[in-house]
Participant: 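Would you mind keeping the following structure in view while I ask a few things?
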Amino acid sequence: MTLDLFDKLPSEPHFEAICEGAVVLRGAAVRDADALMGAVRRVIAESPLRRMKTPGGHTMSVAMTCCGQYGWVTDAQGYRYQSEDPVTGKPWPAMPEELLRLARETAARGGFPDFVPDACLINCYEPGSRMGLHQDKDEQDFSHPIVSVSLGLPQIFQFGGDARSDCPSKIPLQHGDVVVWGGAARLRYHGVLTLKHGHHPLTGAYRYNLTFRRAR
DNA sequence: AAGTTACA
DNA sequence: GCGG
């Protein structure tokens, strides 16, 4: 008999270990979701979502923007963090305080009490969007964790090993779930499977993922 | 490079 | 035929 996490309603937040250094805080952001999405929409109004190109020339299926001191960008030149939005030519929007607070609180609950992010990547998934296995390795100091917040439609998270060939485990993520990974798990390959069609009262046909990092 | 496709 |  299998436990289908997608069928569970958001309940009390609880921990779920993935492996050493990685944990899911189930429902940790549910209570604040309205305010978080309001903040996300204000960021998007200032620095719009865009689908960037990988250095190999492929257009990503996920639409992205950023807030905070630094933003993650990809183009023909490569992957990097930079303080200006290449679309607007202006600095990225400041990181809204409710986003910063959530990132710090959940990082602390996940075992990283000193985490202060300076970058937040906002990923907007529509039906058909996915993210292949990759490592977050454009940051300066890997002693800082990654904090990943899921809002809206559910999507299957893949959490692999330190080699791309390591078979990833599949972790269904729901609205309000927060994944924190660092330490021995900091450079693990990860990604998400194709988003399925659906409707969420707060985000409609979309899933938003907020990824907090310390870039520098 | 966070991509696509082929094929088992 | 499909999805991973």
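Atom set for the values below is all heavy atoms of this structure, side chains included, hydrogens, waters and symmetry mates excluded. In what follows, chains carry the letters A, B, and so on, assigned in the order in which the sequence lines appear, proteins first and then strands, with residues in each chain numbered from 1. What you see is a predicted model; the values in this text were computed from it and never measured.
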Participant: What are the bounds, 5' to 3', of the part of DNA chain B that sits under 4.0 Å from heavy atoms of chain A?
Facilitator: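 Range of nucleotides touched by chain A: B:dA1 to B:dT4.
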
Participant: Taking all atoms of both residues into account, what is the closest heavy-atom pair of A:P172 and A:D177, and its distance?
Facilitator: O-OD2, 4.3 Å

Participant: C:dG4 P sits how many Å from A:F157 CZ, rounded?
Facilitator: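 Roughly 17 Å, once rounded to whole Å.
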
Participant: Under a 4.0 Å threshold between the charged nitrogen and the carboxylate oxygen, would A:R186 count as salt-bridged to A:E139?
Facilitator: yes

Participant: Is the OH atom of A:Y189 crowded by more than 12 outside heavy atoms at less than 6.0 Å?
Facilitator: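 Count over threshold, so yes.
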
Participant: I need the CZ-P distance between A:R130 and C:dG3, as an integer number of Å.
Facilitator: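 To the nearest whole Å, that distance equals 12 Å.
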
Participant: Could you verify whether a donor N or O on one side chain and an acceptor N or O on the other, from A:D114 and A:H144, lie under 3.5 Å apart?
Facilitator: no

Participant: Describe the nucleic acid contact of A:G56 in one word from base, sugar-phosphate, nothing, applying a heavy-atom distance below 4.0 Å.
Facilitator: nothing

Participant: Does atom CZ (A:R31) have a neighbourhood of more than 12 heavy atoms from anything else shown, all under 6.0 Å?
Facilitator: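 Incorrect, the count does not exceed 12.
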
Participant: Only one of A:W72, A:Y70, A:Y81, A:Y79 passes side-chain hydrogen bond (donor to acceptor under 3.5 Å, both in side chains) with A:D138; say which it is.
Facilitator: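 That would be A:W72; it is the only one of A:W72, A:Y70, A:Y81, A:Y79 passing the side-chain hydrogen bond (donor to acceptor under 3.5 Å, both in side chains) with A:D138.
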
Participant: Applying a 4.0 Å non-hydrogen cut-off, can you work out what A:K196 is touching in the nucleic acid: base, sugar-phosphate, or nothing?
Facilitator: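 A:K196: no heavy atom of the nucleic acid under 4.0 Å.
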
Participant: Looking for any heavy atom pair under 4.0 Å, which part of the strands does A:R164 touch: base, sugar-phosphate only, or nothing?
Facilitator: sugar-phosphate

